[in-house]
Chemist: 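Okay, here's the structure, questions in a sec.
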Amino acid sequence: MTTEFDELSLDTGKRAAAGYALGLVRDGARIGLGTGSTADIFIDLLAEDLRRRKIQIAAVATSRRTEERARQAGLELSDLNRLQRLDLTVDGADEIDPELDLIKGGGGALLREKIVADASDRLVIMADAGKMVRWLGGFPLPVEVTQFGWEATGRRLDRMLRLRDGERRLRLVNGKPFVSDGGNYIFDISLRRIRYARAMERRLETLPGVVVSGLFVGRCDFAVIGTADGMVQVLSRRS
Ligand code: 5RP
């Protein structure tokens with residue numbers, strides 16, 4: 001059960017991580033803005049900081065939700081097609097393992113998040129300490145699939161991953177399938193413990209009908225982990 005106190009500690013951790021990540025933003029940088037509650041905090045702090053430091057950046061959003069949040073905060077947005085490459089993307093995650101491999105997509109923005117991360121020289125993940133895990137897979141793995149043939153793709157995933165009844169769920173909102181910004185559906189797959197994340201990411205993404213998986217393997221350069229007492233720990237990926 002999550003208590004009010006836990007929520008407060010999570011928020012302190014997220015704020016601490018977002019505050020640290022702000023220090024990585026340089027004048028003139030091209031930045032990818034992630035999606036989720038931690039990214040929202042970062043966006044608000046960033047908008048304030050740009051006004052205070054009188055510096056300019058070019059930003060690309062990883063979702064419609066982030067676009068809206070950034071505009072509300074007073075940030076102007078650019079387009080990935082125009083910028084082509086980004087210096088840095090700052091995003092959240094649902095799980096982070098000791099190799100800094102990730103599960104993302106809890107907020108349904110995995111496709112744009114992966115495209116933007118791939119176009120970035122560095123991916124920095126901000127998270128509260130509760131996101132650190134020994135093994136990926138405790139958080140159900142989001143897999144985005146085309147609406148066309150989604151049930152057939154689902155059965156193909158069952159066979160590939162040897163899933164049992166109830167381990168693959170179509171994401172719903174108010175009883176209707178959740179539709180991603182890309183117009184696709186999402187399956188949330190309970191795997192408990194993912195042993196070969198890199199191989200699984202590759203295999204999943206070769207399946208026709210699968211658009212993208214929420215596994216982000218070998219992509220995160222730094223993880224900024226905020227703790228309940230407002231401290232941060234910065235982890236960098238072993239090369
Ligand atoms: C959205 C994501 C988010 O980064 C992830 O769900 C973490 O969200 P939060 O910062 O709210 O904990 O991958 O698709």
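Bear in mind that the values here come from a model prediction, so they are computed numbers and not experimental data.
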Chemist: Would you say the side chain of Leu33 lies within less than 4.5 Å of the side chain of Leu77, judging by non-hydrogen atoms?
Modeler: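 A side-chain contact under 4.5 Å exists here.
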Chemist: Between the main-chain N or O of Thr66 and the side-chain N or O of Thr35, is there a donor-acceptor pair closer than 3.5 Å?
Modeler: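 No; judged by distance alone, with no hydrogens or angles, the pair does not exist.
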Chemist: Report the residues that fulfil salt bridge (Lys or Arg N to Asp or Glu O under 4.0 Å) with Arg26, sequence neighbours left out, ordered by chain and then residue number.
Modeler: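 So Arg26 forms no salt bridge (Lys or Arg N to Asp or Glu O under 4.0 Å) with any residue.
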Chemist: With rounding to the nearest 0.5 Å, note down the distance linking CG in Leu45 to CZ in Arg52.
Modeler: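 With rounding to 0.5 Å, CG (Leu45) is 10.0 Å from CZ (Arg52).
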Chemist: Determine whether Leu191 and Leu136 make a side-chain contact, defined as any pair of heavy atoms from C-beta on separated by less than 4.5 Å.
Modeler: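 No. Closest side-chain heavy atoms not under 4.5 Å.
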Chemist: Donor-acceptor pair, Glu95 side chain versus Gly138 backbone, under 3.5 Å?
Modeler: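 Yes: the side chain of Glu95 pairs with the backbone of Gly138.
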Chemist: For Lys14 and Ser37, work out which heavy atoms get closest and say how close.
Modeler: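 Shortest heavy-atom separation between Lys14 and Ser37 comes out as NZ-OG, 2.8 Å.
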Chemist: Measuring from atom OG1 of Thr227 to atom CG of Asp128, what distance do you get when rounded to the nearest 0.5 angstrom?
Modeler: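 Atom-to-atom, Thr227:OG1 and Asp128:CG are 10.0 Å apart.
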Chemist: Search all heavy atoms of Ile96 against all heavy atoms of Ala127 and return the closest pair with its distance.
Modeler: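 Heavy-atom minimum between the residues: CD1-CB, 3.8 Å.
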Chemist: Quick one, Asp27 with Arg53, criterion salt bridge (Lys or Arg N to Asp or Glu O under 4.0 Å). Give me CA distance, side-chain angles, the key distance, then yes/no.
Modeler: CA-CA 9 Å; Asp27 195 11; Arg53 286 159 68 197; over 6 Å; no
Chemist: Under 4.5 Å between any side-chain heavy atoms of Lys176 and Asn174, yes or no?
Modeler: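 Sidechains of Asn174 and Lys176: no contact.
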Chemist: Arg122: which residues meet the side-chain contact (heavy atoms from CB on, under 4.5 Å) condition with it, sequence neighbours left out?
Modeler: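 Counting only residues at least two positions away or on another chain, Arg122 forms a side-chain contact (heavy atoms from CB on, under 4.5 Å) with Leu88, Asp221, Phe222.
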Chemist: With sequence neighbours left out, what residues match Asn81 under side-chain contact (heavy atoms from CB on, under 4.5 Å)?
Modeler: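 So Asn81 forms a side-chain contact (heavy atoms from CB on, under 4.5 Å) with Asp79.
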Chemist: According to a 4.5 Å side-chain heavy-atom criterion applied to Ile, Leu, Val, Met, Phe, Trp and Tyr, with indirect links allowed, do Met126 and Leu235 form part of one hydrophobic cluster?
Modeler: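 No.
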Chemist: What closest approach, in Å, do Ala117 and Leu123 show between heavy atoms, and which atom pair accounts for it?
Modeler: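 Looks like CB-CD2, 4.1 Å.
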Chemist: If every non-hydrogen atom of Ala17 is compared with every non-hydrogen atom of Gly226, which pair is closest and at what distance?
Modeler: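 What the structure gives for the nearest pair is CB-N, 3.9 Å.
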Chemist: Heavy atoms, side chains only, cut-off 4.5 Å: are Leu215 and Arg198 in contact?
Modeler: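 No, their side chains stay 4.5 Å or more apart.
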Chemist: Return the CG to CG distance between Leu75 and Leu50, rounded to the nearest 0.5 Å.
Modeler: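 If I round to the nearest 0.5 Å, the distance is 6.0 Å.
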Chemist: Determine the minimum heavy-atom distance between Gly183 and Gln147, stating which atoms define it.
Modeler: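 For Gly183 and Gln147, the tightest heavy-atom pair comes out as O-NE2, 3.0 Å.
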Chemist: Residues two or more places apart in sequence or in another chain: which of them pass salt bridge (Lys or Arg N to Asp or Glu O under 4.0 Å) with Arg193?
Modeler: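 Once residues adjacent in sequence are excluded, Arg193 has no partner under the salt bridge (Lys or Arg N to Asp or Glu O under 4.0 Å) criterion.
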Chemist: Hey, is Glu167 close enough to Arg192 for a salt bridge, meaning N to O under 4.0 Å?
Modeler: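 Yes, charged N to carboxylate O under 4.0 Å.
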Chemist: Do you know the tightest heavy-atom contact between Ala47 and Ala73?
Modeler: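 Smallest interatomic distance, heavy atoms only, reads CB-O, 3.3 Å.
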Chemist: List for me each residue that meets salt bridge (Lys or Arg N to Asp or Glu O under 4.0 Å) alongside Glu205, sequence neighbours excluded, and say none if there are none.
Modeler: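 With sequence neighbours excluded, Glu205 shows a salt bridge (Lys or Arg N to Asp or Glu O under 4.0 Å) to Lys114, given in chain and number order.
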Chemist: Residues two or more places apart in sequence or in another chain: which of them pass salt bridge (Lys or Arg N to Asp or Glu O under 4.0 Å) with Glu67?
Modeler: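 Listed in chain order: Arg112.
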Chemist: Look at Arg169 together with Asp188 and state whether they make a salt bridge at an N to O cut-off of under 4.0 Å.
Modeler: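 Looking at Arg169 and Asp188, the cut-off is not met.
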Chemist: Suppose the criterion is ring pair (Phe, Tyr, Trp, His ring centres under 6.0 Å): which pairs have a residue in residues 10-53, not counting sequence neighbours?
Modeler: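 Residue pairs passing ring pair (Phe, Tyr, Trp, His ring centres under 6.0 Å), neighbours aside: none found.
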Chemist: Please collect all salt bridge (charged side-chain N to carboxylate O under 4.0 Å, His left out) contacts where either partner lies in residues 15-24, sequence neighbours excluded, each pair once.
Modeler: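 Sorted result for residues 15-24: Asp11-Arg15.
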Chemist: Is any side-chain N of the basic residue among Arg71 and Glu68 closer than 4.0 Å to the acidic one's carboxylate O?
Modeler: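 No, this pair does not count.
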Chemist: Are Asp229 and Thr12 side-chain neighbours, meaning at least one heavy-atom pair lies under 4.5 Å?
Modeler: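 Asp229 vs Thr12: side chains apart.
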Chemist: Do the side chain of Arg30 and the main chain of Arg85 share a donor and acceptor less than 3.5 angstrom apart?
Modeler: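 Side chain of Arg30 to backbone of Arg85: a pair is present.
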Chemist: Side-chain contact, heavy-atom cut-off 4.5 Å: Val143 with Val210?
Modeler: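 Yes. Closest side-chain heavy atoms under 4.5 Å.
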Chemist: Linking directly or through intermediates, with side-chain heavy atoms under 4.5 Å: list the remaining ILVMFWY members grouped with Leu80, chain and number order.
Modeler: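 Its cluster mates, by chain and number, are Val60, Leu83, Leu86, Leu110, Leu111, Ile115, Val116, Val173, Phe178, Ile186, Val211, Val212.
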Chemist: For the hydrophobic clusters of this structure (ILVMFWY residues joined by side-chain heavy atoms under 4.5 Å, transitively), does one cluster hold both Tyr185 and Leu141?
Modeler: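 The answer is yes; both residues are in one hydrophobic cluster.
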Chemist: At what distance, to the nearest 0.5 angstrom, does OG1 of Thr38 lie from CD1 of Ile43?
Modeler: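 Result: 10.5 Å between the selected atoms.
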Chemist: Identify all side-chain donor-acceptor contacts of residues 149-163 below 3.5 Å with residues at least two apart in sequence or on another chain.
Modeler:
{"unit_1": "Thr153", "atom_1": "OG1", "unit_2": "Gly149", "atom_2": "O", "d": "3.1"}
{"unit_1": "Asp158", "atom_1": "OD1", "unit_2": "Arg168", "atom_2": "NE", "d": "2.6"}
{"unit_1": "Asp158", "atom_1": "OD2", "unit_2": "Arg168", "atom_2": "NH2", "d": "2.9"}

Chemist: Can you tell me how far OG of Ser190 sits from CZ of Arg164, rounded to the nearest 0.5 angstrom?
Modeler: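 With rounding to 0.5 Å, CZ (Arg164) is 10.5 Å from OG (Ser190).
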Chemist: Checking Glu144 against Ser180: is there a side-chain donor and acceptor pair closer than 3.5 Å?
Modeler: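 Note: Ser180 and Glu144 side chains meet the donor-acceptor criterion.
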Chemist: Quick one, Leu46 and Leu22 - any side-chain contact, counting heavy atoms below 4.5 Å?
Modeler: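 Yes, side chains in contact.
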Chemist: Between Leu24 and Val90, is there a shared hydrophobic cluster once you connect ILVMFWY residues whose side-chain heavy atoms come closer than 4.5 Å?
Modeler: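 Yes, same cluster.
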Chemist: Show me the side-chain donor-acceptor pairs of residues 98-109 shorter than 3.5 Å, one per line, residues at least two apart or across chains.
Modeler:
{"unit_1": "Asp101", "atom_1": "OD1", "unit_2": "Gly218", "atom_2": "N", "d": "2.8"}
{"unit_1": "Lys104", "atom_1": "NZ", "unit_2": "Asp91", "atom_2": "OD1", "d": "3.3"}
{"unit_1": "Lys104", "atom_1": "NZ", "unit_2": "Asp91", "atom_2": "OD2", "d": "3.0"}
{"unit_1": "Lys104", "atom_1": "NZ", "unit_2": "Gly92", "atom_2": "O", "d": "2.8"}
{"unit_1": "Lys104", "atom_1": "NZ", "unit_2": "Glu113", "atom_2": "OE1", "d": "3.1"}
{"unit_1": "Lys104", "atom_1": "NZ", "unit_2": "Glu113", "atom_2": "OE2", "d": "3.3"}

Chemist: Going by side-chain heavy atoms closer than 4.5 Å, which hydrophobic residues are tied to Trp135, directly or by a chain of links?
Modeler: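 Trp135 shares its hydrophobic cluster with no other residue.
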Chemist: Go through it in stages, so that I can follow the logic: the residues are Asp49 and Val25, the test is side chain to side chain contact (heavy atoms under 4.5 Å, CB included), and I'd like the CA-CA distance, side-chain angles, deciding distance and then a yes or no.
Modeler: CA-CA 10 Å; Asp49 195 53; Val25 176; 5.8 Å; no
Chemist: At what distance, to the nearest 0.5 angstrom, does CD1 of Ile189 lie from CG of Leu204?
Modeler: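 So the CD1 of Ile189 and the CG of Leu204 are separated by 6.5 Å.
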Chemist: Between Ile31 and Val224, is there a shared hydrophobic cluster once you connect ILVMFWY residues whose side-chain heavy atoms come closer than 4.5 Å?
Modeler: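 Same cluster.
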